[in-house]
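All remarks here apply to the structure that follows.
All values reported here derive from a predicted model rather than from experimental measurement.
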Amino acid sequence: MMEAGEFDPQQKTTRSHATTSVLITGASQAVRLAVGFISGIVLARLLTPSDFGLIGMVAPAAALVAMTQDLGVGQAIVQRKTVTSAQISALFFLTLGASMVLAALLALAAPLLADFYGDDRIVAVTLGFSTLLVLWMLQSQPSAILARRMQFVSIASIEISSTLIGFFAAVYIAYVYQTYWAIFIQMLVTAVVNVAGIWIAARWVPTRPSFQGAFKEIMGLGAGISGSAFLNYLAQNIDKVLIGKFYGQETLGLYDRSYKLLLMPITQVASPLGRVFVPILSRLAGDGPRYRQVYTEAVTLMLSVTHPAVLVVLIFAEDVFRTLLGEHWVPAAPIFQWLGLCALHQVMLPTAGWLLFSQGRGGDIFRVGVIDSVVVVTAILVGLSWGAVGVAIALVIGDYLVRIPAVWSVVGKEGPVRVRDMVNMAVPHVAGCVAASAALIVTGRSLDDLTVVHFAGLFVLSYLVYGAVLVMWADKRMVFEKNVSSILATARRVF
């Protein structure tokens with residue numbers, strides 16, 4: 001009998017199980033993204049850009065601490081073929097202690113943050129975020145156990161439930177009290193419900209810890225992941241810190257909403273799917289053709305689902321903001337459009353992490369983190385003089401000219417998936433984006449005031465043109481034919 005958290009490498013790696021896992025995780029993420037999008041719209045209607053800007057000023061500091069406290073061991077646990085409950089317990093107690101120390105440091109830093117931004121309200125908000133840090137850490141090891149067991153139905157149910165409950169709590173607070181605390185309450189309630197559900201589902205209780213055997217190997221891979229996460233933190237948060245410092249809450253609120261309504265959800269598509277594919281790819285690392293096939297199919301389907309929708313909201317951003325959020329949010333449209341260009345490639349870019357994690361390449365994980373942070377930080381510093389729009393433009397230029405080629409060169413230098421494979425995978429999707437964009441722009445010129453019916457038609461047009469271009473490539477056509485029938489069969493079994 002295997003100990004809690006162990007994983008049989010021969011178990012649950014069939015195509016049918018993989019398809020089921022992807023379907024369940026994809027459905028869960030679709031619901032969460034929909035709720036997150038609706039939540040963003042509703043809260044934007046009830047609150048002001050300054051409210052979001054205030055929370056956005058504290059969020060980078062909290063993200064820094066949250067990122068470091070896990071020490072990268074959650075993903076390292078999933079990557080291991082075998083790991084014992086005693087080793088997981090050792091990692092649990094280690095990260096719990098780290099989270100408590102870091103939460104205390106964040107609380108002590110509250111007055112410094114308030115002085116930095118010149119707003120005393122930040123003290124209370126920072127103290128609130130410090131309580132979230134321990135909650136976030138508490139789900140790390142149980143979540144890794146569920147992922148190793150591939151209990152994705154349980155994970156999906158918990159994530160959807162916590163997201164919905166957090167959304168309703170935030171809307172209630174925003175409607176009744178009209179305060180920026182509604183944004184914090186959403187995160188707090190979501191975290192509490194998620195942690196409780198994860199622990200109940202995992203049915204795992206820490207035992208006497210063991211720091212022997214694979215513990216050092218897990219910590220070694222975790223160090224690479226954690227180091228990369230720290231650099232990724234710099235890349236994702238320094239723009240908000242500097243915009244908040246030099247341009248104030250209003251501009252930061254516009255930038256923050258633009259980021260969270262599009263770029264963050266798009267990048268998060270790969271995260272839950274990574275929980276499915278990293279364990280699968282880890283078991284297939286010795287079978288190059290199969291490994292490459294699974295990765296290629298996953299990325300092809302992800303891009304095909306997300307690209308056409310992104311193109312519609314990107315091209316018609318001003319109408320989207322005016323219709324959904326209100327006239328006072330329209331100044332965010334240019335920021336949104338430039339960040340949307342980043343979103344087109346950031347659906348695929350995070351999947352490079354799947355390859356590195358599944359192959360246990362901790363050193364390369366850190367190298368990719370260095371590339372990301374250097375390119376993004378440089379772009380932000382260059383674009384800052386032109387405000388939030390300048391930052392967004394600089395990020396697009398840095399991503400396409402430097403970041404993508406550099407990351408692909410590191411990831412593709414070894415392993416089953418090489419640079420040429422990623423290029424061949426991406427070219428048809430670039431063609432699909434160009435063709436769909438042209439169709440949308442031409443059609444949009446004949447429309448005056450866009451209605452909900454118009455938007456629905458534009459989405460259909462975008463998907464039709466994009467798909468028609470993709471099926472011109474035989475390998476893309478085979479992916480669609482193979483997976484559509486598999487997904488339909490799986491859906492009948494699951495639902």
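Put simply, the side chain of Leu46 does not reach to within 4.5 Å of the side chain of Asp51, judged on heavy atoms. When side chains are defined from C-beta on, Arg361 counts as touching Glu414, because their heavy atoms get closer than 4.5 Å. Using a 4.5 Å heavy-atom cutoff, the side chains of Phe116 and Ile122 are not in contact. Leu401 is not listed as a side-chain neighbour of Val375, based on a closest heavy-atom distance of 4.5 Å or more. Using a 4.5 Å heavy-atom cutoff, the side chains of Cys433 and Leu311 are in contact. For the pair Met57/Leu113, no side-chain contact is recorded, criterion being any heavy-atom separation below 4.5 Å from C-beta on. Using a 4.5 Å heavy-atom threshold, the side chains of Phe455 and Val320 count as touching. Between Phe246 and Leu384, the closest side-chain pair of non-hydrogen atoms falls below 4.5 Å.
A side-chain N or O of Ser358 and one of Tyr291 form a donor-acceptor pair less than 3.5 Å apart.
Using cut-offs of 30° and 60° for the angle between ring planes, the Trp181 and Phe184 rings count as perpendicular. Between Tyr466 and His429, the ring planes lie tilted relative to each other; the angle falls in the 30° to 60° range.
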Set out, in order, the CA-CA distance, both residues' side-chain angles and the distance that settles salt bridge (Lys or Arg N to Asp or Glu O under 4.0 Å) for Arg367 and Asp364, then state yes or no.
CA-CA 5 Å; Arg367 291 183 187 93; Asp364 284 336; 2.7 Å; yes

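For the pair Val376 and Leu395, the tightest heavy-atom approach, listed with the atom from each and the gap, is CG1-CD2, 3.6 Å. Between Val389 and Pro334, the shortest heavy-atom contact is CG2-CB, 4.2 Å.
Screening residues 325-337 for salt bridge (Lys or Arg N to Asp or Glu O under 4.0 Å), with sequence neighbours left out, gives Arg322-Glu327.
A donor-acceptor contact shorter than 3.5 Å links the side chain of Ser409 to the backbone of Ala406. Judged by distance alone, with hydrogens and angles left aside, the side-chain atoms of Arg121 form no donor-acceptor pair with the main-chain N or O of Leu54 at under 3.5 Å. Within the 3.5 Å criterion, the main-chain N or O of Met187 finds no donor-acceptor partner in the side chain of Thr190. When atom types are taken as modelled, the side chain of Ser99 and the backbone of Val134 share no donor-acceptor pair closer than 3.5 angstrom. Between the side chain of Thr351 and the main chain of Met348, a donor-acceptor pair closer than 3.5 Å is present.
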